[in-house]
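Worksheet: one structure, shown below.
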Number of protein chains: 2
Amino acid sequence: MSTPAMRSDAQDVYRRYLSSVMLHGLASAKACGLGASDLYVLNILELAGAMTPGEIVTRTGLTTGPTTRLIDRLEAAGYVRRVPAPDDRRKVIVEPVGKPAALDETMAPARRRVGDLMRGYTPEQLAVLFDYFERATDAYQEANDELRAAED
Amino acid sequence: MSTPAMRSDAQDVYRRYLSSVMLHGLASAKACGLGASDLYVLNILELAGAMTPGEIVTRTGLTTGPTTRLIDRLEAAGYVRRVPAPDDRRKVIVEPVGKPAALDETMAPARRRVGDLMRGYTPEQLAVLFDYFERATDAYQEANDELRAAED
DNA sequence: CCTAATCTCTTCCTTAGAGAAGAGAAATCT
DNA sequence: AGATTTCTCTTCTCTAAGGAAGAGATTAGG
């Protein structure tokens with residue numbers, strides 16, 4: 001099937017790029033039996049590090065019931081681990097466990113291709129790309145905070 | 001390949017970047033009342049262009065029933081439009097409508113920040129970035145095809 | 001033509017995920 | 001120490017998304 005490979009303008013290129021990233025992420029998650037909320041929380045943990053269920057509640061906007069079972073699912077699937085908080089024995093800390101085989105495997109085709117792609121760039125070009133990756137990560141996180149703040 | 005301390009800092013930066021993109025996408029979708037599958041299909045339409053419900057069925061792995069209602073939701077929300085296929089009166093073509101206000105609005109904070117970010121690069125650096133965006137789009141699409149093929 | 005195949009949509013059923021309310025345990029405050 | 005607050009987890013209920021089977025309409029084939 002023919003996708004129009006015409007030269008689009010920059011915004012189109014970027015939108016298509018974002019769509020492809022989303023698409024791949026969602027497809028990978030589904031292939032691992034993860035729902036959207038599970039993936040959502042997993043990404044939060046990836047970005048912000050270990051946190052308590054209560055913090056997950058405030059970040060996701062879910063209530064505590066579903067959150068507990070979401071953590072149960074993630075824990076059962078081996079994506080996170082519950083450890084007691086040292087300072088407060090009521091609390092539990094949910095910490096991500098190194099990406100396990102299932103998710104790692106579904107990511108493999110993309111990782112290989114992106115790896116190949118990156119090997120085609122010079123060190124200077126790679127520096128630009130990774131500078132962008134780091135700054136864009138912050139930008140999206142800030143945008144998320146803004147979104148969340150706007151909803152309350 | 002096996003687990004633990006791949007000290008690769010770059011890989012971490014990239015993973016965090018991907019997480020932030022996913023996170024933002026999911027948060028935006030949720031803010032617009034879209035589910036993960038809805039967003040999934042919307043991204044497919046964005047990338048591959050208009051297609052029939054049957055093609056969406058094969059691409060998503062859903063069955064026809066949920067797909068019909070998914071399209072209903074997207075159409076009701078103004079994201080897509082159903083038009084009759086010219087060559088076959090049984091068929092319907094689902095085509096994306098220009099991103100409507102709701103989704104556009106939730107994307108605004110991110111777009112502004114990424115816009116600012118990009119204005120900080122030289123034309124040469126931007127060329128590198130957009131070269132990457134285009135190639136990575138293809139890479140992820142191919143990876144998705146590979147994933148889909150592996151599941152059948 | 002009449003039959004078989006294709007395509008979309010409808011209906012019914014099942015199940016996973018989210019909300020509400022509350023219990024139990026532990027920390028904090030007076 | 002006693003009371004209040006905080007935090008996690010449990011239970012019940014409800015909604016919404018997904019699968020299965022089939023109806024209606026249209027095209028293709030003998």
Side-chain angles (χ1 to χ4, degrees), chain A residues 1 26-27 29-45 48 50-77 79-96 102 148 151-152, chain B residues 26-27 29-45 48 50-77 79-96 148 151-152:
Chain A
M1 81 209 59
L26 287 172
K30 203 195 305 192
C32 295
L34 287 178
S37 294
D38 306 68
L39 184 62
Y40 189 81
V41 169
L42 219 45
N43 279 323
I44 288 178
L45 290 173
M51 63 182 66
T52 68
E55 205 171 343
I56 294 177
V57 163
T58 64
R59 290 207 183 224
T60 57
L62 291 175
T63 51
T64 64
T67 301
T68 295
R69 283 172 312 190
L70 191 155
I71 298 170
D72 289 345
R73 286 196 300 274
L74 289 181
E75 193 174 31
Y79 294 100
V80 304
R81 173 173 47 195
R82 274 188 244 238
V83 296
D87 60 319
D88 188 334
R89 277 193 294 173
R90 292 169 306 178
K91 289 189 182 176
V92 167
I93 294 181
V94 182
E95 64 178 24
R148 208 165 64 231
E151 282 184 2
D152 300 338
Chain B
L26 286 172
K30 204 194 306 193
C32 296
L34 288 177
S37 295
D38 306 66
L39 183 63
Y40 189 83
V41 168
L42 218 46
N43 279 324
I44 289 177
L45 291 173
M51 63 182 67
T52 67
E55 207 169 342
I56 294 178
V57 164
T58 64
R59 290 207 183 224
T60 56
L62 291 176
T63 50
T64 64
T67 301
T68 296
R69 284 173 312 193
L70 191 155
I71 298 171
D72 288 345
R73 287 195 299 274
L74 290 181
E75 194 174 32
Y79 295 101
V80 303
R81 175 172 47 193
R82 273 187 246 237
V83 296
D87 60 318
D88 188 333
R89 278 193 293 174
R90 291 169 305 179
K91 290 188 183 175
V92 169
I93 294 180
V94 182
E95 64 178 24
R148 210 166 62 232
E151 281 183 4
D152 301 337

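Per chain, numbering begins at 1; letters A, B, ... match sequence-line order. On a predicted model such as this, the values are computed, not experimentally measured, just so you know.
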Next item on the list: Quick one: do Leu62(B) and Ile56(B) satisfy side-chain contact (heavy atoms from CB on, under 4.5 Å)? Show the steps, please.
Entry: CA-CA 8 Å; Leu62(B) 291 176; Ile56(B) 294 178; over 6 Å; no
Check: What is the distance from CG of Leu62(A) to C1' of dC7(D), rounded to the nearest Å?
Finding: 17 Å
Item checked: For chain A, the stretch of DNA chain C it reaches, first to last nucleotide, under 4.0 Å of its heavy atoms -> dG17(C) to dA27(C)
Next item on the list: Return yes if the base of dT6(D) and the side-chain atoms of Arg90(A) contain a donor-acceptor N/O pair under 3.5 Å, otherwise no.
Entry: yes
Next item on the list: Step by step, work out the side-chain contact (heavy atoms from CB on, under 4.5 Å) result for Leu34(B) and Tyr79(B).
Entry: CA-CA 11 Å; Leu34(B) 288 177; Tyr79(B) 295 101; 4.0 Å; yes
Check: What pairs with Arg89(B) under salt bridge (Lys or Arg N to Asp or Glu O under 4.0 Å), at least two apart in sequence or on another chain?
Finding: none
Item checked: Partner of Val41(A) under side-chain contact (heavy atoms from CB on, under 4.5 Å), chosen from Leu45(A), Asn43(A), Leu39(A) -> Leu45(A)
Next item on the list: Apply salt bridge (Lys or Arg N to Asp or Glu O under 4.0 Å) to Arg69(A) and list each qualifying residue two or more places apart in sequence or on a separate chain.
Entry: none
Check: In whole angstroms, how far is the P atom of dA16(D) from the CG atom of Asp72(B)?
Finding: 15 Å
Notebook entry, point to check: Nearest-Å distance, CD1 (Ile71(A)) to P (dT8(D))?
Noted result: 8 Å
Next item on the list: Specify the residue among Glu55(A) and Pro66(B) whose closest nucleotide of DNA chain D lies further upstream toward the 5′ end.
Entry: Glu55(A)
Next item on the list: Identify whether any heavy atom of Gly54(A) sits under 4.0 Å from a base atom; if not, whether one sits that close to sugar-phosphate; answer base, sugar-phosphate or nothing.
Entry: sugar-phosphate
Notebook entry, point to check: When rounded to the nearest 0.5 angstrom, what is the spacing between OG1 in Thr52(B) and CD in Glu55(B)?
Noted result: 5.0 Å
Next item on the list: Let me know the distance between NZ of Lys91(A) and C1' of dT5(D), rounded to the nearest Å.
Entry: 13 Å
Checklist line | Residue closer to the 5' end of DNA chain D, Arg69(A) versus Arg82(A) (nearest nucleotide) | finding: Arg82(A)
Note to self: Under the side-chain contact (heavy atoms from CB on, under 4.5 Å) test against Ile71(B), which residue among Thr67(B), Leu74(B), Thr68(B) passes?
What the structure shows: Thr67(B)
Checklist line | Thr52(A) side-chain N/O to dT8(D) phosphate OP1/OP2 under 4.0 Å | finding: yes
Margin query: For a quick check of understanding: with a heavy-atom distance under 4.0 Å over all strands, which category does Thr67(B) fall into, base, sugar-phosphate or nothing?
Written below: nothing
Notebook entry, point to check: Mapping Asp87(A) and Leu34(A) to their closest nucleotides on DNA chain C, which lands nearer the 5' end?
Noted result: Leu34(A)
